[in-house]
Amino acid sequence: MQLLYYKRTYYVLILVLCVQFFVSCNTKSRYNPDVLKEYEVGHIDDTISGTPLVTHLFIEPMGIEVMDDYLVVIENSKSDRIFSVYGIKEDSILARFGQIGNAKNEFSWAPTTCYFGRENGDLMMIVPDLQLTAKVVNLSKSIRENNSIVSRLLKHGLMTERYYWISDDNSVTSQFITSDDPRDHVYFPPKFILKEKNETREVSFYPSTISCPNYDIVSLLYNSEMRISPQKDKIVEGLLYMNMINILDVEKSATIGVIEKQTFSLEDAEKHQNDIQWLNEHINICTRSLSVSENYIMVLQDRRKMVEIVTEEVNANRLVLIFNHEGDYLKSFCIKDKVDNIAFSERYKMLFGIRQDGTVLKYDLSQLL
C-alpha cells in the first residue's frame, strides 16, 4: 500500500514538472534574452519643469542628440538648415548647417536621429541618408566652418535606418520583421546582424514572432525606439507599446531583457489578438523616446492606453525611467511638459526635451542623480 502511494506521488510529481517545463518553454517561445530582469516603478516623488532654450526658435524639431558639450537638434526638411548645434556650456547656438540636396555635403532627407564617433581627434556625426547609406559628418569642422563637412559615405546596402558603424571593421544592423511572402502571414522576428571583419553573427531577443495573420498588430507590438551608447558597446531598444527594454552587448553578443512586473506579455497579446477591447485597454505608450549616456538609460513614457489616445481622455504628464547599462532599474521622475523626445548629457547632468509645440527645453537633474 505504501509503495503504491509513493508511486502515485512520483507520477504526480513528474506530471507537475512536465507541465512547468511546458509552460516555461512556451513563455520563452516569444521572448528569450540571455538575462531577464524585472522592475517595479512604485511611488514617484519628483516632478520637474523645464526651461526653454531662448537662443533659437526651432521650426519643427525632428529629434535631439547629445555628445560631449553639444546638443544637436535635427529639424525637418522644410528648414533652411537641418542641424542646429547648441553649445551646452555656452548656452547658445554655435552652428547651423545641412541642406537638402544631392551633393556630397547635402542630405537627401531630414533624419530623426544620429549618433557619434571619433576620428583623428575630431568628433564625427553619423547620419542615416537614404536607406542604403549613412554619411559621416566631421562635426568638429562643421561647427568651426558653420557648414556641413561630410568626410565619407558608409554603404551598408540594407533597407534600414538602424545601421550602427562601430569601426571600419565592425558594424551592427537592426533588421525589423521580415517574411518570405507577406501573403503567407508567416513573419520572422526582428534581429541584430553583427559584422566583425569577415564574420557575421545574428542575435535576436525573439525566438519567433507571435502567430497572427494581421501584420499591423505584429508590427505594432515589435515597433521600437533605438539608440547606441557613446562608447558604442551597447545598443538599447525600447518597445513603443510593450513594457520591454532590450539591451544588446555588442562586444559579447549578449542580450539583457528588462520588463515591468505584472505587465502583459507577447503571449497575452497573441491570445487576445482578436479582442479589440482588450488590446485598447492593455496596450499603452511605453517608450516615446529614449536616451543612452555613458552610464544611464533614460526612457520617456506617458503610459496612456490606446483607448485614451484615441479619445484624448487623458493628457498625462510624461514619466522618465532611469536604468543602468546592466538593466537595473534605478528611479523615475515626472516631467510636467508634454515632450516627445529626450536627450541626456551625463557630463552636465542636464536632460533636454522637445515639447509638442516645437520648443526645446532643458531640465537640471543634478539633484536627482
Side-chain angles (χ1 to χ4, degrees), residues 48 50-56 58 61-75 81-98 110-118 122-128 134 136-140 142-143 148 161-162 164-165 225-238 247 287-300 318 320-325 330 333 335 337 339-355 358-369:
I48 62 175
T51 303
L53 302 185
V54 297
T55 53
H56 179 67
F58 299 98
M62 302 289 289
I64 50 176
E65 301 293 342
V66 165
M67 186 66 177
D68 291 354
D69 300 320
Y70 308 117
L71 170 72
V72 177
V73 181
I74 307 171
E75 303 185 45
R81 298 291 185 272
I82 300 174
F83 303 104
S84 294
V85 182
Y86 169 82
I88 301 175
K89 183 167 53 179
E90 295 84 358
D91 193 23
S92 64
I93 297 294
L94 304 181
R96 298 189 67 235
F97 56 82
T112 58
T113 184
C114 61
Y115 57 100
F116 304 92
R118 297 187 189 280
D122 284 343
L123 182 61
M124 314 302 285
M125 181 172 69
I126 297 89
V127 180
V136 181
V137 179
N138 189 315
L139 186 58
S140 299
S142 298
I143 293 173
S148 60
E161 279 187 75
R162 296 175 172 179
Y164 299 99
W165 171 72
E225 281 282 313
M226 195 173 295
R227 294 293 185 273
I228 188 169
S229 66
Q231 306 95 312
K232 293 185 180 179
D233 62 340
K234 299 285 194 308
I235 294 178
V236 181
E237 176 186 38
I247 304 172
T287 302
R288 183 173 283 273
S289 177
L290 60 83
S291 180
V292 183
S293 66
E294 290 80 0
N295 295 288
Y296 298 107
I297 299 167
M298 296 203 177
V299 182
L300 176 70
R318 301 292 190 252
V320 177
L321 282 62
I322 306 176
F323 303 84
N324 61 24
H325 283 198
L330 302 178
F333 62 92
I335 292 179
D337 309 285
V339 296
D340 290 329
N341 290 276
I342 58 171
F344 176 62
S345 168
E346 191 167 330
R347 177 178 295 184
Y348 291 93
K349 298 292 188 293
M350 191 76 67
L351 180 72
F352 297 89
I354 302 177
R355 201 164 57 196
T359 304
V360 179
L361 304 102
K362 58 183 179 180
Y363 304 85
D364 184 1
L365 302 188
S366 58
Q367 302 301 314
L368 297 179
L369 296 174

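At distances below 3.5 Å, at least one donor-acceptor pair connects side-chain atoms of Glu346 with backbone N or O atoms of Glu294. With Ser345 contributing its side chain and Val66 its backbone, the two residues share no donor-acceptor pair below 3.5 Å. Judged by distance alone, with hydrogens and angles left aside, the side-chain atoms of Ser289 form no donor-acceptor pair with the main-chain N or O of Leu300 at under 3.5 Å. Of the possible polar contacts, one joining the Lys232 side chain to the Trp165 backbone as a donor-acceptor pair under 3.5 Å is found. Within the 3.5 Å criterion, the main-chain N or O of Val339 finds no donor-acceptor partner in the side chain of Asp337. Between the side chain of Arg227 and the backbone N or O of Val292, no donor-acceptor pair lies under 3.5 Å.
Residues Arg96 and Glu75 approach most closely at NH2-OE2, 3.3 Å, considering heavy atoms. Ile342 and Met298 get closest at one heavy-atom pair: CD1-O, 3.8 Å. Shown here for Met62 and Pro111, the closest heavy-atom pair between the two residues is CB-O, 3.8 Å. Residue Ser229 comes nearest to Ser293 through the heavy atom pair CB-O, 4.4 Å, listed as atom of the first residue, atom of the second, then distance. Of all heavy-atom pairs between Tyr348 and Lys89, the closest is OH-CB, 3.4 Å. The nearest pair of heavy atoms linking Gly358 to Pro61 is O-CG, 3.3 Å.
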- Could you give me the CA-CA distance, side-chain angles and deciding distance for Ile126 and Tyr164, then say whether side-chain contact (heavy atoms from CB on, under 4.5 Å) is met? CA-CA 9 Å; Ile126 297 89; Tyr164 299 99; over 6 Å; no

- Evaluate the side-chain contact (heavy atoms from CB on, under 4.5 Å) criterion for residues Val127 and Phe83: first the C-alpha distance (whole Å), next the side-chain angles of each, then the deciding distance (0.1 Å), finally the verdict. CA-CA 11 Å; Val127 180; Phe83 303 104; 3.9 Å; yes

- Item | Criterion side-chain contact (heavy atoms from CB on, under 4.5 Å) on Tyr115 and Met67, from CA distance to verdict | CA-CA 8 Å; Tyr115 57 100; Met67 186 66 177; over 6 Å; no

- Message: Set out, in order, the CA-CA distance, both residues' side-chain angles and the distance that settles side-chain contact (heavy atoms from CB on, under 4.5 Å) for Asp340 and Ile354, then state yes or no.
- Response: CA-CA 6 Å; Asp340 290 329; Ile354 302 177; 5.5 Å; no

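You'll find the side chain of His325 stays beyond 4.5 Å of the side chain of Ile247, heavy atoms only. Considering only heavy atoms from C-beta on, Phe323 stays 4.5 Å or farther from Val236 through its side chain. Side-chain contact between Ile48 and Gln367 is absent, with no heavy atoms from C-beta onward closer than 4.5 Å. Within the 4.5 Å cutoff, the side chain of Leu71 has heavy atoms near those of the Leu53 side chain.
The distance from the CZ atom of Arg318 to the CD1 atom of Ile335 is 9.0 Å, given to the nearest 0.5 Å. Within the model, atoms CZ of Phe344 and CD1 of Ile322 stand 7.0 Å from one another, a figure rounded to the nearest 0.5 Å. Put simply, CZ on Arg355 and CG on Leu361 are 5.0 Å apart, with the number rounded to the nearest 0.5 Å. Considering OG of Ser140 and CZ of Arg118, their distance stands at 8.0 Å, rounded to 0.5 Å. Interatomic distance, Ser142 OG to Leu123 CG, rounded to the nearest 0.5 Å: 10.0 Å. Taking CG of Leu368 as the reference point, atom OH of Tyr363 lies at 13.0 Å (rounded to 0.5 Å).
When each of Asn324, Leu365, Leu330 is paired with Tyr296, the side chain to side chain contact (heavy atoms under 4.5 Å, CB included) condition holds for Leu330 and for no other.
For Glu237, the side chain to side chain donor-acceptor pair (under 3.5 Å) criterion is met by Ser224, Asn246, not counting sequence neighbours.
By the 30° and 60° cut-offs, the orientation of the rings of Phe352 relative to Tyr86 is perpendicular.
When only modelled atom types and interatomic distance are considered, Thr113 and Glu65 share a side-chain donor-acceptor pair under 3.5 Å.
Between Asp68 and Arg347, at least one side-chain N (NZ, or NE/NH1/NH2) sits under 4.0 Å from a carboxylate O, which counts as a salt bridge.
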